[in-house]
**Q** 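Just passing along the structure, written as structure tokens.
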Amino acid sequence: MRRVIIAIVLLVVLALFVLPYWFGIQTEKVYNDVVSTYSETGGVAVIEKSYRRGWLNSTARTVFVIRNGDDELIKFEESDTIYHGPFPVQAVLGGRAGLSPVMAVIDSQLTAVPAGNSEFETLIKKLPPANLLTRLSFDGGGITDITVPGIETAEGENGEKLKWEGLTGDVKFSPEFRDVDTELKSPGLNISGKDSAFTVSGVDLVSRLSYVGPEHKYPVGDIDFKVAGIAVRSKKEGSGEYQSFSVSGIELKGNSTESQGNLDSTHSLTFRELEAGGGKYGPGGYELAIRNIDMESWIKIQELLKKNQNGSQTEAERQAFMTELMKVVPGLIKKSPEIELTKLNIMTSDGSIDGHLKISVDGSGMDNPEIASNPLFLVTAIKADAKVSVTKTLLETIITDYKKEEIADDFRKADDEVPPPDEIAGMAKEEMADEIKGLMDQGVITESDKSYDLKATYEMGQITLNGQPLDMQSLIGD
């Protein structure tokens, strides 16, 4: 019995005080892999890094910057306390971990730091740090809980106010970040000033991504991004009147897949209601599909763009970039890619707008080097067709409303008295009728029982509009 007790005690000592050092070594390797992933993502670069490994815990500090070309937009400083597994006693006692064995628990604070001469320096310094709590599994995967506190502040001479209600969520990742699932929520943001206000409410993001291609750097999968509402209100310059814009029930959904070197993707954007210029529209939205993109060529283009983010390129550098890009284009279109606006629909009280567009490229000649290197090949390889249909009442209302604003502005610019609204409405209605007649006379639109329609095609370098070869001279005039 005594030997059993001694064995148990030795196992506990081993688990609590010996194994943590070995787990600390393994955690440092995973941590460095994560930092490397940061530095290989788009415009993110790690500029400082330090790691101090202890017996039961370690500390680390990483500073990375987000750039747009040569311009530094913002820096983030990450401070980490890393509690070693398999049983991170200090994290458990501090309420930062449960009793389940793990490789490590990482308690992090992420602080925004102004970059360069940022015009938002004062505001950035007031942003509270984000709190991140990561639990690393034995296989190198894990989950990170994210909490960003809200902030309310007043800036500027005119009483501008900012209120952000914070953000919460989590990120689940597999070993080596091959699969990453993200869920984030924020109640909203409000920015208001003396003559304007901007509000975003109910932000919700869910993504399920897998990384494919060489070194598993390129994401495919599903994204669902929702915003309950966006509202903008501002005073019109010179008139003292307020104008407003709002849209509610926004949802952006996307899906992309990779199979045997082919990339395909679809995405849609929908909204429940949109208010602008005194009119209400919705529901509405569109669906877009992109098919048959060659994965290898797409990766080459991404790498070219990453290398050429410098906004101060010389003319020679720009020409070299275009030369390299044109070398990639034949490979990009060799699988006959397509882009199709499969659905466009916006409902209103006066009718609807419906549309469709498809552009395809015949890549069957890409195996012939002479054809592939000839820029004129694209002229004959591209085919396109488009159709737009607008309910008669809706188009007439849109043009009439536009003419009302135009007529009133013309009187103001001439320092003349603006006529009464009913008189302006009559003038606008006459101009609307002339506008539609002109479009029909030029063959830009055709008339059916309930709608005005436009149909266009492009093939072999020829544009056809509503069944007739396009006469550019008739559009631009003599």
Side-chain angles (χ1 to χ4, degrees), residues 230 245-255 265-291 337-361 382-406 425 428-477:
I230 298 175
F245 166 88
S246 67
V247 58
S248 61
I250 306 164
E251 182 171 16
L252 174 64
K253 299 181 73 172
N255 167 266
S265 97
T266 60
H267 82 263
S268 64
L269 175 65
T270 58
F271 65 90
R272 183 171 59 252
E273 184 176 82
L274 183 151
E275 289 191 50
K280 291 186 177 183
Y281 310 90
Y286 71 84
E287 296 175 2
L288 184 71
I290 302 174
R291 311 181 186 98
E338 299 176 347
I339 179 169
E340 183 175 8
L341 184 67
T342 56
K343 179 182 178 181
L344 170 65
N345 174 257
I346 300 175
M347 299 295 297
T348 77
S349 58
D350 293 314
S352 65
I353 300 173
D354 296 276
H356 174 267
L357 169 68
K358 184 176 181 179
I359 301 172
S360 59
V361 183
I382 294 176
K383 291 177 62 177
D385 65 83
K387 179 181 178 181
V388 177
S389 180
V390 185
T391 305
K392 284 184 175 180
T393 305
L394 177 57
L395 182 60
E396 291 167 1
T397 301
I398 291 173
I399 296 178
T400 300
D401 289 344
Y402 172 76
K403 290 297 182 181
K404 287 178 184 178
E405 292 289 333
E406 188 178 58
K429 190 173 182 179
E430 290 181 7
E431 291 194 15
M432 174 273 295
D434 291 339
E435 188 82 19
I436 289 180
K437 184 179 183 302
L439 291 171
M440 292 180 63
D441 290 344
Q442 295 176 58
V444 176
I445 61 174
T446 60
E447 183 180 13
S448 60
D449 289 342
K450 297 181 179 180
S451 64
Y452 295 108
D453 306 307
L454 182 152
K455 297 178 182 179
T457 63
Y458 174 87
E459 188 171 2
M460 299 297 290
Q462 175 65 58
I463 299 175
T464 301
L465 187 60
N466 298 317
Q468 300 296 321
L470 183 62
D471 181 3
M472 294 299 296
Q473 191 64 36
S474 68
L475 293 178
I476 63 177

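Values below: every heavy atom of this structure, side chains too, minus hydrogens, waters and symmetry copies.
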**Q** Compare every heavy atom of L357 with every heavy atom of A386, then report the nearest pair and how far apart it is.
**A**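 The pair with the smallest heavy-atom distance is CB-CD1, 3.7 Å.
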**Q** Closest heavy-atom contact between A276 and Y281?
**A**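 Distance-wise, the nearest heavy atoms are O-CE1, 4.0 Å.
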**Q** Any side-chain to backbone donor/acceptor pair from T342 onto E287? Under 3.5 Å, distance only.
**A**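 Flag set: sc T342 to bb E287 pair under 3.5 Å.
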**Q** Where do S352 and N345 come nearest, in terms of heavy atoms and distance?
**A**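 For S352 versus N345, the nearest heavy atoms are CB-ND2, 4.3 Å.
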**Q** By ring pair (Phe, Tyr, Trp, His ring centres under 6.0 Å), which residues pair with H356, not counting sequence neighbours?
**A** none
**Q** S349 versus K280: any side-chain heavy-atom pair under 4.5 Å?
**A**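 Counting from C-beta outward, S349 and K280 never come under 4.5 Å.
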**Q** How about D354 and T391: do any of their side-chain heavy atoms sit closer than 4.5 Å?
**A** no
**Q** Does any non-hydrogen side-chain atom of I346 lie less than 4.5 Å from one of Y286?
**A**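 No - every pair of side-chain heavy atoms lies 4.5 Å or more apart.
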**Q** Applying the side chain to side chain contact (heavy atoms under 4.5 Å, CB included) test to D350, which of T397, I398, V390 qualifies?
**A** T397
**Q** Looking only at heavy atoms, what is the nearest atom pair of T400 and A428, with distance?
**A**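 Distance-wise, the nearest heavy atoms are O-CB, 3.7 Å.
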**Q** Got a second to check how far E273's CD is from S246's OG, nearest 0.5 Å?
**A**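 One gets 7.0 Å once the value is rounded to the nearest 0.5 Å.
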**Q** Sub-3.5 Å donor-acceptor pair from the side chain of N466 to the main-chain atoms of K455, do we have one?
**A** yes
**Q** I need the D385 CG to S360 OG distance, nearest 0.5 Å.
**A**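 Result: 8.0 Å between the selected atoms.
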**Q** Contact between L395 and I353 at the side-chain level, heavy atoms closer than 4.5 Å - yes or no?
**A** no
**Q** Return the set of residues passing salt bridge (Lys or Arg N to Asp or Glu O under 4.0 Å) with K392 (not counting sequence neighbours), or none when no residue passes.
**A**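 Here the qualifying residues are E447.
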**Q** When rounded to the nearest 0.5 angstrom, what is the spacing between CD1 in I399 and CD in E431?
**A**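 The CD1 atom of I399 sits 11.0 Å away from the CD atom of E431.
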**Q** If you round to the nearest 0.5 Å, how far is CE of M440 from CD of Q442?
**A**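 Interatomic distance, Q442 CD to M440 CE, rounded to 0.5 Å: 12.0 Å.
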**Q** Which heavy-atom pair separates G254 from H267 by the least distance, and what is that distance?
**A** CA-CB, 3.8 Å
**Q** Testing the basics here: between K403 and M432, what is the closest heavy-atom pair and its distance to 0.1 Å?
**A** CG-N, 4.4 Å
**Q** To the nearest 0.5 Å, what is the distance between CZ on F271 and CD on E251?
**A**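 Answer for the CZ-CD pair, F271 versus E251, is 13.5 Å.
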**Q** Can you measure from CG (L288) to OG1 (T266) and round to the nearest 0.5 angstrom?
**A** 9.0 Å
